[in-house]
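Have a look at the structure below, then the notes.
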Amino acid sequence: MIKRAARGVVALSTAALTLTPTPALGEDGPISVTGVHPSGATYAIEVPRGWNGTVLSFSPGYGQGAGPQHLPADLGGDATARSWLLAHGYALAGTRPYGDGWAVEETLRDSADTLAAFAKVAGKPAVTLAWGGSMGGAIAAGLAERRPDLIDGALPYCASVAGPVAMLNQSLDAAFAFKTLLAPGDDAVKLVRLGSAEEEARSVAAARAVLDAAQRDPAGQARIALAASFAQVSTWSVPGTPEPGARDWAGQQAQEYAAFMATVFSPRYPLERRAGGNFSWNTGVDYRRELRESGRLQQVRALYDRAGLDLDADLAALAAAPRVSADPGAVAYMESYFTPRGALGVPVLTVHERGDNYPTVTQARAYADVVRRAGNGALLRQAFVDRPGHCRYTAAELVAAVRTLRSRVLTGHWTGTDAHRLNELAARDPALGTAEFVPYTPGRFLRPHVPR
């Protein structure tokens, strides 16, 4: 059976729903519970004394499954943000799925079990907010569409909100250009349908060697920039570095090179294995148009001119190269787990870093577009942070986002979602650090995909 303590962490259990309810609003708290669902997923629950009725339900990022070791669930955010939230009356719950890799299917199910366990130990929440970063943010977005009966609002941060089909199509476009122009005939560099983790590791190592060799001369740098434009790799990618100037083409290309492998050759084999095949394609893609719409044409053309290369000839080579088709069943799986349709049932606030590549910040634009086309634009607001990197938010930024979303749920209208007001809200408690919200509109995502 599950052990529950007023203070401290408790032992794991194999059953989630044999708990004894306690009064709502943390009247006999604090409560600290950990456990294991029948599926093998682990969960954790923290309810402070004087609970304000709001619980934040956290989903983890890619590759953070519980496994046979039953690794404990995380509660989200960072340590400073968690401490502040608990001290200010927020309850926290977290789920770590038993599945590995892109465990969206499992986490959507297991999150519901965690919230049922929460209601057993703490009572029914007045407000339930789903949050998570990266893949966990995609799960929060999935709950906003699939389970509005479970949650009242969602906070996906640094999240893959364009969905896995669009994300891996974006990577394929860059990898296709890279192989066609820099590694033609190199069978060691594989784009799709990888047979094993070992084969993928060999492919990535071969691509890394090609990339590093290409970076040593202007022609290679130009072609890397062209390939990077199709994946919309950020021209400001490296944490701790200043943003290159608007016409610093070489500086921008160096940032693209630094992020190229992780963005373009991100793990594919585990996702193909989960989906049951290849879910990426570039049949019918016009790369000349993609370059024009990427916003990188001026940069790429300048680098090609510097290298004395013919950009039109390379674009013609891409147009003539054999294309990659997808397996329909694999596409259908990744549409289900999870590609947004924009059918929001609750308010959603997304947060992205301007220089993120995992996912690229343009995914925020893809998500906004699909939500708007579905007629739910009033339920969505988006915030942007002025830095490169992935999921590197300060506690001040996370807490400001949580408070803003909770206010929307409680009042029924959005207030203070512009960058200036978010920074003001974040600054109310200096112990949380600083915030760098900025006004920003991402460029158009080149390969959006919405299920039919």
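The figures that follow rest on heavy atoms only: side chains count, while hydrogens, waters and symmetry mates do not. We're numbering straight along the sequence, starting at 1.
The closest side-chain heavy-atom distance from H352 to V161 is below 4.5 Å. A 4.5 Å side-chain heavy-atom check between Y367 and P340 finds at least one atom pair inside the cut-off. Two residues are said to be in side-chain contact when any heavy atoms from C-beta on lie closer than 4.5 Å; Y62 and V104 fail this criterion. Within the 4.5 Å cutoff, side-chain heavy atoms of D369 are placed close to those of R373. No side-chain heavy atom of R274 sits less than 4.5 Å from a side-chain heavy atom of Y337. Side-chain contact check for P244 versus W236: some heavy-atom pair is nearer than 4.5 Å. Annotation: side chain of Y157 is in contact with side chain of W131 (closest heavy-atom distance under 4.5 Å). Looking at heavy atoms from C-beta onward, F176 lies out of side-chain contact with F230 at the 4.5 angstrom threshold.
Taking T241 as the reference, Q255 meet the side chain to side chain donor-acceptor pair (under 3.5 Å) condition, with sequence neighbours excluded.
Using modelled atom types, one side-chain atom of R365 and one backbone atom of P442 make a donor-acceptor pair closer than 3.5 Å. Side-chain atoms of D418 never come within 3.5 Å of backbone atoms of P439 as a donor-acceptor pair (strictly under, hydrogens ignored). A donor-acceptor contact shorter than 3.5 Å is absent between the side chain of Q64 and the backbone of P60. Judged by distance alone, with hydrogens and angles left aside, the side-chain atoms of E272 form a donor-acceptor pair with the main-chain N or O of R193 at under 3.5 Å. Here the side chain of S203 pairs no donor or acceptor atom with the backbone of E199 at under 3.5 angstrom. D248 places a side-chain N or O within donor-acceptor distance of the main-chain N or O of G251, the cut-off being under 3.5 Å. With hydrogens and angles disregarded, a donor-acceptor distance shorter than 3.5 Å links the side chain of R296 to the backbone of V233. With hydrogens and angles ignored, the 3.5 Å screen pairs a side-chain donor or acceptor of K179 with a backbone N or O of V189. The backbone N or O of L71 lies less than 3.5 Å from a partner atom in the side chain of T42, making a donor-acceptor pair. Panel note: side chain R49, backbone I31; no donor-acceptor pair is recorded below 3.5 Å.
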Between T362 and Q170, does the side-chain contact (heavy atoms from CB on, under 4.5 Å) criterion hold? Intermediate values first, please. CA-CA 11 Å; T362 52; Q170 184 186 49; 3.8 Å; yes

Under the criterion salt bridge (charged side-chain N to carboxylate O under 4.0 Å, His left out), I'd like the reasoning laid out for E243 against R354: C-alpha separation, chi angles, the key distance, then a yes or no. CA-CA 11 Å; E243 183 177 10; R354 202 162 60 80; 2.8 Å; yes

L432 vs T394, test: side-chain contact (heavy atoms from CB on, under 4.5 Å). Steps then yes/no. CA-CA 7 Å; L432 292 173; T394 66; over 6 Å; no

Give the C-alpha distance, both sets of side-chain angles, the deciding distance and a yes or no for side-chain contact (heavy atoms from CB on, under 4.5 Å) between R208 and D212. CA-CA 6 Å; R208 173 91 256 179; D212 291 345; 3.0 Å; yes

Criterion ring-ring contact (aromatic ring centres under 6.0 Å, His included) on W102 and Y269, from CA distance to verdict: CA-CA 11 Å; W102 189 257; Y269 166 72; over 10 Å; no

Evaluate W84 against D429 for side-chain contact (heavy atoms from CB on, under 4.5 Å), listing each step before the verdict. CA-CA 10 Å; W84 189 97; D429 191 337; 2.9 Å; yes

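Summarising the geometry, atom OG belonging to S229 is positioned 8.0 Å from atom CD belonging to Q299; distances are rounded to the nearest 0.5 Å. Expressed to the nearest 0.5 Å, how far CD of Q215 lies from CG of L211 amounts to 6.5 Å. The structure places OG1 of T235 at 4.5 Å from CD of Q252, a figure rounded to the nearest 0.5 Å. Separating the SG atom in C158 from the CG atom in N357 is a distance of 12.5 Å, to the nearest 0.5 Å. Separation of atoms CZ (F279) and CG (L168) is listed at 4.0 Å; rounding is to 0.5 Å. We find the CZ-OG1 distance between F58 and T95 to be 10.0 Å, quoted to the nearest 0.5 Å.
V438 approaches V385 most closely through the heavy-atom pair CG2-C, 4.3 Å. What you find for F178 and A207 is that their closest heavy atoms are CZ-O, 3.4 Å. Closest approach of G89 to W51, counting heavy atoms only: O-CD1, 3.1 Å. The two residues D152 and P347 make their nearest non-hydrogen contact at O-CD, 3.2 Å. P359 approaches A159 most closely through the heavy-atom pair CG-O, 3.1 Å. The minimum heavy-atom distance linking E46 with S32 is given by the pair OE2-OG, 2.6 Å.
A donor-acceptor contact closer than 3.5 angstrom links the side chains of R406 and T54. A donor atom on one side chain and an acceptor atom on the other are found under 3.5 Å apart for D110 and S39. A donor-acceptor pair shorter than 3.5 Å cannot be found between the side chains of T339 and H449. In this structure, a donor-acceptor pair under 3.5 Å is absent between the side chains of S325 and T283. Side-chain contact annotation: Q232 with E256, donor-acceptor N/O pair under 3.5 Å absent. A donor atom on one side chain and an acceptor atom on the other are found under 3.5 Å apart for S280 and R268. The closest side-chain donor-acceptor pair between H37 and D113, if any, does not fall under 3.5 angstrom. Side-chain N/O atoms of Q382 and Y440 include no donor and acceptor closer than 3.5 Å.
Classification of R82 and D74 as a salt-bridged pair holds, one side-chain N sitting under 4.0 Å from a carboxylate O.
Checked options R392, Q363, R387, H390; the residue passing with D356 is H390 (criterion: side chain to side chain donor-acceptor pair (under 3.5 Å)).
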